[in-house]
Amino acid sequence: MSARIGSISESATLAVDAKAKALKAAGRPVIGFGAGEPDFPTPDYIVEAAVEACRNPAYHRYTPAGGLPELKSAIAAKTRRDSGYEVEAADVLVTNGGKQAIYEAFAATLDPGDEVLVPAPYWTTYPESIRLAGGVPVPVVADETTGYRVSVEQLEAARTERTKMVVFVSPSNPTGAVYSREQTEEVGRWAAEHGLWVLTDEIYEHLVYGDAQFTSLPAAVPELRERCIVVNGVAKTFAMTGWRVGWIIGPRDVVKAATNLQSHATSNVSNVAQAAALAAVSGDLDAVAAMREAFDRRRRTIVRMLNEIEGVVCPEPEGAFYAYPSVKGVLGREIRGKRPATSVELAEVILEEAEVAVVPGEAFGTPGYLRLSYALGDEDLVEGVSRIQKLLAEAH
């Protein structure tokens, strides 16, 4: 096995989800907080568009590797509508989900040894994709005291002569942190000043709550446009995780290079999935609003219940659908004959003793935390956290 591939670890979130599903299949009443996947079905009008596409012989053949022209145009229009960022179809590459978009963006811009600043807690895929592309991820750690937001001062302290890019994610997976417009502009201006590239992941753009507002970095800092790559997709907004449609928006030479790579790696995204995505991005956001209302309700419930546990501190997330509590106050205490010293060990105890699956903070670059997705039904959410409350109440 090559050293490059041998060094890449399995997706921790998918691994936890797979284990939870396997235990449920074996008859155990496991409740899973692992996968970031809306529990809602894909809206009917999107499904119907896919059904029609299946009947269209034009979609039974190869189509352009970079995406259906009509979908690329619709993504450009949707981007202008939702974030105020003016782009054209030629600036877009349609990919097999957001993960392929992220990898291809790094592969098209990084040379061996290039450093990428990655605010932590980070989504588990970012550092692995950077390494796979030959780059070096450099974590910049924030904690609950700042709402998991990194400062420009922290980024500057981590910058070296080898720094080429910074990853910017708002709303954030795994923390739900949302940067204000002022904070977003500050990061963007700092990156522009130092000639850095930025990869900004906007997959949770429509999932913000309370007074928080989404700000698109290249729209807020236009001078960054020629060194900014936006990745996005339909998975979270439209409950389409299994359809696997994402995209890159960026400078045309980068989009062209990434398209060349995709032409050899996968060719075009499934035409049926692209037709479904076309219906999604061309339509209104009514279905999204209904889902966001449910997520908001669950968000408030899970934060309240987690903060009722002695030794657990959970800031209120402002976006996405994740809670990221610190469990440092629980570690080292005895729970049913076990004394978990790490959040990995605590997650194992919670799964074994409470039959609840959570993802430990080690997967996101910050030990001492757990990630719980609240994109599951209200009853399961309350039951799952109640089990954790009951279990951790025994800690001594």
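Hydrogens, waters and symmetry mates are skipped; everything else that's a heavy atom, side chains included, is used.
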[X] side chain to [Y] backbone, donor-acceptor under 3.5 Å:
| X | Y | value |
| --- | --- | --- |
| Arg371 | Val358 | no |
| Arg333 | Gly329 | yes |
| Tyr209 | Ala320 | yes |
| Asn271 | Arg61 | yes |
| Gln213 | Arg181 | no |
| Ser343 | Gly368 | yes |
| Asp380 | Leu376 | no |
| Thr301 | Arg297 | yes |
| Arg80 | Val87 | yes |
| Gln389 | Met305 | yes |

Are [X] and [Y] packed together at the side-chain level, in the sense that at least one heavy-atom pair is separated by less than 4.5 angstrom?
| X | Y | value |
| --- | --- | --- |
| Phe238 | Ile46 | yes |
| Val312 | Pro325 | yes |
| Pro315 | Pro317 | no |
| Val187 | Val150 | no |
| Leu110 | Val116 | yes |
| Trp190 | Leu155 | yes |
| Leu278 | Glu70 | yes |
| Tyr59 | Gln274 | no |

Subject >> Working for salt bridge (Lys or Arg N to Asp or Glu O under 4.0 Å), residues Arg189 and Glu185 >> reply: CA-CA 6 Å; Arg189 286 194 298 266; Glu185 290 176 347; 3.7 Å; yes
Would you call [X] and [Y] a salt bridge, using N to O less than 4.0 angstrom?
| X | Y | answer |
| --- | --- | --- |
| Asp284 | Arg81 | no |
| Glu308 | Arg304 | yes |
| Arg292 | Asp296 | no |
| Asp143 | Arg149 | no |
| Glu394 | Arg336 | yes |
| Glu334 | Lys338 | no |
| Glu353 | Lys390 | no |
| Glu88 | Arg252 | yes |

Quick one: do the [X] and [Y] side chains pair a donor with an acceptor below 3.5 Å?
| X | Y | result |
| --- | --- | --- |
| Glu128 | Tyr103 | no |
| Gln262 | Ser267 | no |
| Tyr324 | Thr366 | yes |

Look up atom [atom1] in [X] and atom [atom2] in [Y], then write down how far apart they are to the nearest 0.5 Å.
| X | Y | atom1 | atom2 | result |
| --- | --- | --- | --- | --- |
| Glu223 | Glu226 | CD | CD | 12.0 Å |
| Glu104 | Thr109 | CD | OG1 | 11.5 Å |
| Ile388 | Ile302 | CD1 | CD1 | 7.5 Å |
| Asp114 | Lys164 | CG | NZ | 5.0 Å |
| Trp243 | Ser270 | CH2 | OG | 8.5 Å |

**OP:** Check the pair Asn232 / Ile248 against side chain to side chain contact (heavy atoms under 4.5 Å, CB included), numbers first and verdict last.
**Re:** CA-CA 7 Å; Asn232 204 334; Ile248 289 171; over 6 Å; no
Subject >> Stepwise side chain to side chain contact (heavy atoms under 4.5 Å, CB included) test for Ile229 and Ile249 >> reply: CA-CA 6 Å; Ile229 302 171; Ile249 297 172; over 6 Å; no
**OP:** Please step through side chain to side chain contact (heavy atoms under 4.5 Å, CB included) for the pair Leu331 and Thr342, ending with a clear verdict.
**Re:** CA-CA 6 Å; Leu331 301 179; Thr342 67; 5.5 Å; no
Grouping I, L, V, M, F, W and Y whenever their side-chain heavy atoms are under 4.5 Å apart, do [X] and [Y] come out in a common cluster?
| X | Y | value |
| --- | --- | --- |
| Ile31 | Tyr322 | yes |
| Val245 | Ile102 | no |
| Val255 | Val231 | yes |
| Leu306 | Ile350 | yes |
| Ile203 | Val208 | no |

Where do [X] and [Y] come nearest, in terms of heavy atoms and distance?
| X | Y | result |
| --- | --- | --- |
| Asp201 | Val169 | O-CG1, 3.8 Å |
| Val281 | Lys78 | O-CB, 3.9 Å |
| Cys228 | Thr200 | SG-CG2, 3.9 Å |
| Leu392 | Leu346 | CD2-CD1, 4.1 Å |
| Thr184 | Val221 | O-CG2, 4.5 Å |
| Ser170 | Val178 | OG-CA, 3.5 Å |

Subject >> More than 12 heavy atoms of other groups within 6.0 Å of Lys256 NZ >> reply: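 Counting neighbours around NZ of Lys256, 12 or fewer heavy atoms of other residues, nucleotides or ligands fall under 6.0 Å, so no.
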Subject >> Other residues, nucleotides, ligands: >12 heavy atoms within 6.0 Å of Asp253 CG >> reply: yes
**OP:** Evaluate the criterion side-chain hydrogen bond (donor to acceptor under 3.5 Å, both in side chains) for residue pair Ser83 and Glu202; output intermediate values, then yes/no.
**Re:** CA-CA 10 Å; Ser83 65; Glu202 298 186 352; 4.7 Å; no
Original post:
Can the ring centroids of Phe106 and Tyr126 be said to lie less than 6.0 angstrom from one another?
Top reply: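 Not close enough - the centres of the two rings lie 6.0 Å or further apart.
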**OP:** Measure centre to centre between the rings of Tyr374 and Phe33, then say whether the value is under 6.0 Å.
**Re:**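 No, the ring centres sit 6.0 Å or more apart.
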**OP:** Apply the test side chain to side chain contact (heavy atoms under 4.5 Å, CB included) to residues Thr215 and Tyr179: give CA-CA distance (whole Å), side-chain angles for both, the deciding distance (0.1 Å), then the verdict.
**Re:** CA-CA 8 Å; Thr215 303; Tyr179 287 73; over 6 Å; no
**OP:** List the steps and the verdict of side-chain hydrogen bond (donor to acceptor under 3.5 Å, both in side chains) for Thr237 and Glu205.
**Re:** CA-CA 8 Å; Thr237 300; Glu205 62 181 329; 5.1 Å; no
**OP:** Report the relative orientation of the aromatic rings in Phe295 and Phe321; use parallel for angles under 30°, tilted for 30 to 60°, perpendicular for over 60°.
**Re:** tilted
